There are 2 protein chains.
Amino acid sequence: MRLRDYLPYRLSVASNKASGLIARAYQARFGLTIWEWRVIAVLGEGAPRTAQGVCEATAMDKVTVSRAIRALDARGLVRRSARDDDRRASDVRLTAEGEAIYAEVAPLALRYEAALLDGFTPQERAQLSALLDKLEARLAGLSPAGRSA
Amino acid sequence: MRLRDYLPYRLSVASNKASGLIARAYQARFGLTIWEWRVIAVLGEGAPRTAQGVCEATAMDKVTVSRAIRALDARGLVRRSARDDDRRASDVRLTAEGEAIYAEVAPLALRYEAALLDGFTPQERAQLSALLDKLEARLAGLSPAGRSA
DNA sequence: GCAGAATAGTATCATTTGCAACTAATTTCA
DNA sequence: TGAAATTAGTTGCAAATGATACTATTCTGC
């Protein structure tokens, strides 16, 4: 058993390094945590979402989502509007200011991804993506009930 | 920008799911945290290591290592012995009881890895490993100074 | 149409984490 | 030699995190 060859360990190291790198950039330039950024990223797709919808789209748990949305709301980057078909839930969407942040952060994020994949051939990129798909499928089968953070 | 296709996000989700799955098993059966397990895993290779050496081998920061070693020491799974060539540092090694735990946990860990990779062909396993190598190399180049957790 | 179960989201509290400061020992090099 | 800088490891404290419990609302099915 060699830790440095152990797949879950390697995933963890790679993921933490990548996330840490990018998180520092979000934090330094926009004062956003990774979770706030994830919320912005899914809302940036256009459609409003409930907190629950954000949970599903971001693989964050509901407490984390609740806090991220509250922080974004406090900064005026998102706006919540009660739904009349279900008054427990609210639709969350980006404000104009939130859109502006999204428009700046998204390209930055993509540049980081491009930097990570710099030197990967198109074949390698496709392989990596396919292998991650496969891994995700395995994990979905093995996990008790898909939480993550 | 689609979050669900974003590489750092995908790595994070896969890593957290895999780690969480395995962490639950360590915790439930042996009362070990992931960090304690990592320390045991590297010490299980045989050679004693200083805390610093453990840091390098596990990609953990020194505070985390210090705490993990202390907890393992308190449980009698590792033993520390002052070095006389440098009295700031101690060599840490597994006790007999630590070895016994290692002998039980390591196969369990490998079974989990095998479960993750169930359905992967040998080619796919090799590809995954090679792609992670490549990613790690990129990350080493991009990261300010390789910390992680 | 109503009692009980389920769900959206929030609040509480204990634990974990990480940074920065600290002690003690060692190295550097003038 | 010996003062300044560096390193090993620990500690303290503030912030992040997560499990659990809670409120309010909606669904179920009898």
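Reminder, nothing fancy here: chain letters follow the sequence lines and each chain counts from 1. Since we're looking at a predicted model, the values are computed, not measured.
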Does any residue of residues 75-90 of chain B have a heavy atom under 4.0 Å from DNA chain D, and if so, which ones, in number order?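 Contacts with DNA chain D under 4.0 Å: Arg80(B), Arg88(B), Ala89(B), Ser90(B).
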
Test salt bridge (Lys or Arg N to Asp or Glu O under 4.0 Å) applied to Arg10(B) and Glu136(A), step by step: CA-CA 9 Å; Arg10(B) 297 187 69 188; Glu136(A) 283 161 21; 3.1 Å; yes

Parallel, tilted or perpendicular, judged at 30° and 60°: which one describes the rings of Trp37(A) and Tyr26(A)?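 Tilted: the ring planes of Trp37(A) and Tyr26(A) meet at 30° to 60°.
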
How many Å lie between CZ on Arg67(B) and P on dC13(D), as a whole number?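 Distance, rounded to whole Å: 14 Å.
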
Can you tell me the distance, in whole Å, between the CG atom of Asn16(A) and the P atom of dT17(D)?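 That distance rounds to 12 Å.
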
What I want to find out is whether Asp91(A) reaches Arg79(A) closely enough, with some N-O distance under 4.0 Å, to be called a salt bridge.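 No, no charged N to carboxylate O under 4.0 Å.
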
What's the shortest heavy-atom distance between [X] and [Y], and which atoms?
X	Y	answer
Ser12(A)	Arg38(B)	OG-NH2, 3.0 Å
Val39(A)	Met60(A)	CG2-CE, 4.2 Å
Ala115(A)	Arg138(B)	O-NH2, 2.8 Å
Gly76(A)	Glu97(A)	O-OE1, 3.8 Å

If you only use heavy atoms from C-beta on, which nucleotide in dA11(C), dG9(D), dT10(D) is closest to the side chain of Val63(A)?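 Closest of the options to the side chain of Val63(A): dA11(C).
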
dG9(D), dG18(D), dA8(C): which one has an atom nearest the side-chain heavy atoms of Gln52(A)?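 The listed nucleotide nearest to Gln52(A)'s side chain is dA8(C).
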
Using a cut-off of less than 4.0 Å, is there contact between a side-chain N or O of Ser66(B) and OP1 or OP2 of dT10(D)?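 For Ser66(B), the contact criterion (side-chain N or O under 4.0 Å from OP1 or OP2 of dT10(D)) is met.
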
For dA16(D), does either OP1 or OP2 sit under 4.0 Å from a side-chain N or O belonging to Thr33(A)?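 It does not, given that no N or O in the side chain of Thr33(A) lies less than 4.0 Å from OP1 or OP2 of dA16(D).
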
Once hydrogens and angles are ignored, does a donor-acceptor distance under 3.5 Å link the base of dG9(C) to the side chain of Arg70(A)?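 Check fails, no donor-acceptor contact within cut-off.
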
Evaluate Arg4(B) against Thr58(A) for side-chain hydrogen bond (donor to acceptor under 3.5 Å, both in side chains), listing each step before the verdict. CA-CA 8 Å; Arg4(B) 67 171 187 280; Thr58(A) 60; over 6 Å; no

Are any protein N/O atoms closer than 3.5 Å to N/O atoms in nucleotides 3-5 of chain D? If there are, list each pair with its distance.
none

